[in-house]
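The structure appears right after this line, and notes come after that.
Sequence positions, counted from 1, serve as the residue numbers for this chain.
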Amino acid sequence: MRRIGIWIAAGGLLLATAACGGSPGNGSGSGGGAKAQSLSVGAVAEPANLDFTSTEGAAIPQILLVNVYEGLVKLDQNGEIVPLLAEKWDVSGDRKTYTFTLRKNVKFSSGAPFTADDVVFSLGRVKTDWKLKIKTQLDVVDKVEKKDDSTAVVTLERPSNGFLYAMTSRLGAMFSRTGVADLANKPVGTGPYVLGAWRRGDSIRLDANPSYWGTKPALSSVTMKYFKDATAMNNALLTGGIDVISSVQAPESLQQFADPNRFQTVEGTTNGEVVLSMNNGRPPFDDKKVRQAVRHAIDHKALLDTAWAGRGQLIGSMVPPTDPWYEDRTGDYAYDPAKAKELLGGKTYAVKMRIPNLPYAVSSAQVVKSQLAQVGINAEIEPLEFPARWLDQVFSKGDYDLSIINHVEPRDMGIFADKSYYFHYDNPEFGKLLASADEGTEQQQADDLKQAAKLLSDDAAADWLFLFPNLIVAKKGVTGLPKNAIAESFDFTALAKQ
């Protein structure tokens with residue numbers, strides 16, 4: 001079965017605060033960066049390298065996409081697709097041909113001009129050079145052609161509702177034809193920032209791009225500083241070591257930042273589904289009844305209250321409320337330990353729960369372990385270093401029974417359509433619904449995807465613990481903080497200091 005381009009899939013495999021702030025098309029920012037100001041942002045899970053074309057996980061696009069690499073289009077804070085390197089685009093009547101009119105006088109940070117040749121090159125590399133599973137989202141592309149330096153034409157094999165949305169992700173990033181020799185260490189993009197310094201194990205600094213084509217960012221530099229411990233990150237903000245916590249790792253600690261004269265808190269939503277992954281490809285979770293038992297055994301409200309201080313939202317599916325086809329599926333599997341035991345038929349199981357060593361996963365795993373034990377599923381928790389060990393052992397090799405991970409990419413339900421993906425879920429009917437949704441009208445798309453989400457739920461392909469909140473704490477006076485995290489990047493271009 002062909003994977004289709006209706007989702008942003010594969011590898012939202014860490015906690016990332018991803019957002020698009022600022023105005024589309026001109027880089028946003030506040031007035032050209034007259035003051036040389038810097039900002040330091042705390043985060044978790046440092047990227048292993050800087051090549052998001054060959055390395056899974058959200059940590060790399062979190063810092064590089066929109067800031068260093070730009071696409072033809074991007075998502076704004078409302079989830080709308082807006083122009084970026086393309087001034088506009090036209091779609092043919094048969095919905096198969098997209099003509100992009102490119103901005104003029106755009107240059108890469110290397111000084112090379114950005115033209116339609118780079119569009120042809122960049123989209124071609126997705127098929128020929130990218131290593132990630134998500135590359136299949138652009139299989140729908142038949143050809144990419146240069147009409148002239150400022151016009152690129154993309155022809156699809158068939159109509160696709162997901163193509164343009166996929167282009168807002170890392171898949172749509174534009175690369176220089178002379179700038180891909182060392183993507184792991186030397187990113188070359190058209191964005192408002194360039195790589196300044198990378199202190200491995202500590203931080204990555206981005207510096208304002210002096211030759212940026214759009215409005216210059218208000219900040220001369222932004223440093224993403226990485227912490228393995230939530231307490232250390234909190235202390236860094238309390239003592240002035242950082243200016244922003246990009247994603248709060250200990251919601252119960254928010255009281256420390258209650259003084260409005262010193263701090264501000266931003267709370268919104270994300271696309272991040274915290275998934276209790278079940279390995280559908282091996283016992284005991286190759287048995288649908290066992291998976292259904294797990295879903296009935298978990299008290300999701302109690303889990304959210306205990307593990308994440310009640311912050312976040314219960315959703316019951318792989319669809320966040322910001323998607324047009326969202327339906328509240330939290331009632332599909334009510335908390336019912338007796339029903340769970342009945343489904344298990346009196347059997348007991350010992351399973352391995354291999355999780356990333358990230359705070360939300362560790363906290364959630366303790367609750368899941370306790371609740372599953374009450375119905376006869378005894379889970380041994382094994383924290384794995386993230387990203388390297390978790391990606392290798394769980395994501396790549398599928399060597400696990402249960403896991404917990406925050407899938408942060410938008411519209412990523414389609415990852416379940418690939419039976420080789422680490423869930424090892426296999427239901428051809430699910431893939432047919434996705435294909436129909438991608439080619440149909442907007443109403444057909446919504447109807448089909450509602451059915452697909454229901455099918456996933458009925459099959460108990462996984463359990464959805466909660467929707468991760470966008471929870472940011474910053475010093476008073478920091479502006480441009482994103483309320484909602486609905487894209488892959490943390491967009492620095494709107495950030496400023498008063």
Side-chain ([X]) to main-chain ([Y]) donor-acceptor, under 3.5 angstrom:
X: Ser396; Y: Leu391; answer: yes
X: Gln393; Y: Asp399; answer: no
X: Ser277; Y: Ile404; answer: no
X: Lys74; Y: Leu84; answer: no
X: Asn67; Y: Ile63; answer: yes
X: Asn378; Y: Ala373; answer: no
X: Arg329; Y: Met318; answer: no

Mind checking salt bridge (charged side-chain N to carboxylate O under 4.0 Å, His left out) for [X] and listing every partner two or more places apart, or none if nothing turns up?
X: Arg205; result: Asp207
X: Lys301; result: Asp305
X: Asp202; result: Arg199, Lys225
X: Glu380; result: Lys352

Within the 6.0 Å centroid threshold, strictly below: Tyr69 and Phe175: yes

Are the aromatic ring centres of Trp390 and Tyr400 under 6.0 angstrom apart?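 They do not qualify: ring centres at least 6.0 Å apart.
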
What's the separation between atom [atom1] in [X] and atom [atom2] in [Y], rounded to the nearest 0.5 Å?
X: Asp401; Y: Arg354; atom1: CG; atom2: CZ; value: 7.5 Å
X: Phe466; Y: Phe468; atom1: CZ; atom2: CZ; value: 6.0 Å
X: Thr55; Y: Leu132; atom1: OG1; atom2: CG; value: 7.0 Å
X: Leu402; Y: Ile355; atom1: CG; atom2: CD1; value: 10.5 Å
X: Ser364; Y: Ile381; atom1: OG; atom2: CD1; value: 10.0 Å
X: Ile315; Y: Tyr326; atom1: CD1; atom2: OH; value: 6.5 Å

Is there a side chain to side chain contact (heavy atoms under 4.5 Å, CB included) between Val119 and Met174 once you walk through the steps? CA-CA 6 Å; Val119 179; Met174 293 292 110; 3.8 Å; yes

Evaluate Leu471 against Val266 for side chain to side chain contact (heavy atoms under 4.5 Å, CB included), listing each step before the verdict. CA-CA 6 Å; Leu471 197 56; Val266 175; over 6 Å; no

Could you walk me through whether Asp129 and Thr53 pass the side chain to side chain contact (heavy atoms under 4.5 Å, CB included) check? CA-CA 8 Å; Asp129 292 77; Thr53 74; over 6 Å; no

Determine, step by step, whether Asp463 and Val368 satisfy the side chain to side chain contact (heavy atoms under 4.5 Å, CB included) criterion, reporting the C-alpha distance in whole Å, the side-chain angles of both residues, the deciding distance to 0.1 Å, and the verdict. CA-CA 11 Å; Asp463 188 58; Val368 170; over 6 Å; no

Testing the basics here: between [X] and [Y], what is the closest heavy-atom pair and its distance to 0.1 Å?
X: Asn470; Y: Lys483; result: ND2-O, 2.7 Å
X: Leu467; Y: Pro320; result: CD1-CB, 3.8 Å
X: Ala309; Y: Pro251; result: CB-CB, 3.7 Å
X: Arg295; Y: Ser457; result: NH1-OG, 3.0 Å
X: Ser247; Y: Gln249; result: O-NE2, 2.9 Å
X: Lys497; Y: Ser38; result: NZ-O, 2.9 Å

Answer yes or no: are there more than 12 heavy-atom neighbours, outside [X] itself, under 6.0 Å from its atom [atom1]?
X: Lys228; atom1: NZ; result: no
X: Lys107; atom1: NZ; result: no
X: Asp259; atom1: CG; result: yes

Sole residue of Val351, Val294, Val367 in side chain to side chain contact (heavy atoms under 4.5 Å, CB included) with Leu372: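 Among Val351, Val294, Val367, the one that satisfies the side chain to side chain contact (heavy atoms under 4.5 Å, CB included) with Leu372 is Val294.
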
Could you check whether the rings of Tyr360 and Trp308 sit parallel, tilted or perpendicular, using 30° and 60° as the cut-offs?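 The arrangement is perpendicular - the two ring planes meet at more than 60°.
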
Any side-chain donor-acceptor pair under 3.5 Å between Ser211 and Asn209? yes

Classify the side-chain pair Ser489/Asp491 by whether it contains a donor and acceptor separated by less than 3.5 Å.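 No, no side-chain donor-acceptor pair sits under 3.5 Å.
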
For [X], what residues pass the ring pair (Phe, Tyr, Trp, His ring centres under 6.0 Å) criterion, not counting sequence neighbours?
X: Phe285; result: none
X: Phe263; result: Phe257
X: Phe492; result: Phe490
X: Phe121; result: none

Residues at least two apart in sequence or cross-chain that pass side-chain contact (heavy atoms from CB on, under 4.5 Å) with Gln374, listed by chain then number, are Tyr335, Ser370

Flag side-chain contact, heavy atom, 4.5 Å: Val244 against Leu39: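 Side chain of Val244 against side chain of Leu39, heavy atoms only: contact under 4.5 Å found.
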
Donor-acceptor pairs under 3.5 angstrom involving side-chain atoms of residues 473-480: please list them, not counting sequence neighbours.
from, atom 1, to, atom 2, distance (Å)
Lys475, NZ, Asp243, OD1, 3.1
Thr479, OG1, Ala496, O, 3.4

Can you tell me which residue pairs pass the side-chain hydrogen bond (donor to acceptor under 3.5 Å, both in side chains) test with a partner in residues 171-192, sequence neighbours excluded?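 Qualifying pairs, neighbours excluded: Glu70-Thr190, Asp118-Arg177, Ser176-Thr178, Asp182-Asn185, Asn185-Arg200.
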
Pairs flagged by side-chain hydrogen bond (donor to acceptor under 3.5 Å, both in side chains) wherever residues 309-323 is involved - sequence neighbours left out: Glu267-Arg311, Asp323-Arg411

Run His407 and Phe423 through ring-ring contact (aromatic ring centres under 6.0 Å, His included) and show every step you take. CA-CA 13 Å; His407 282 265; Phe423 300 121; 5.7 Å; yes

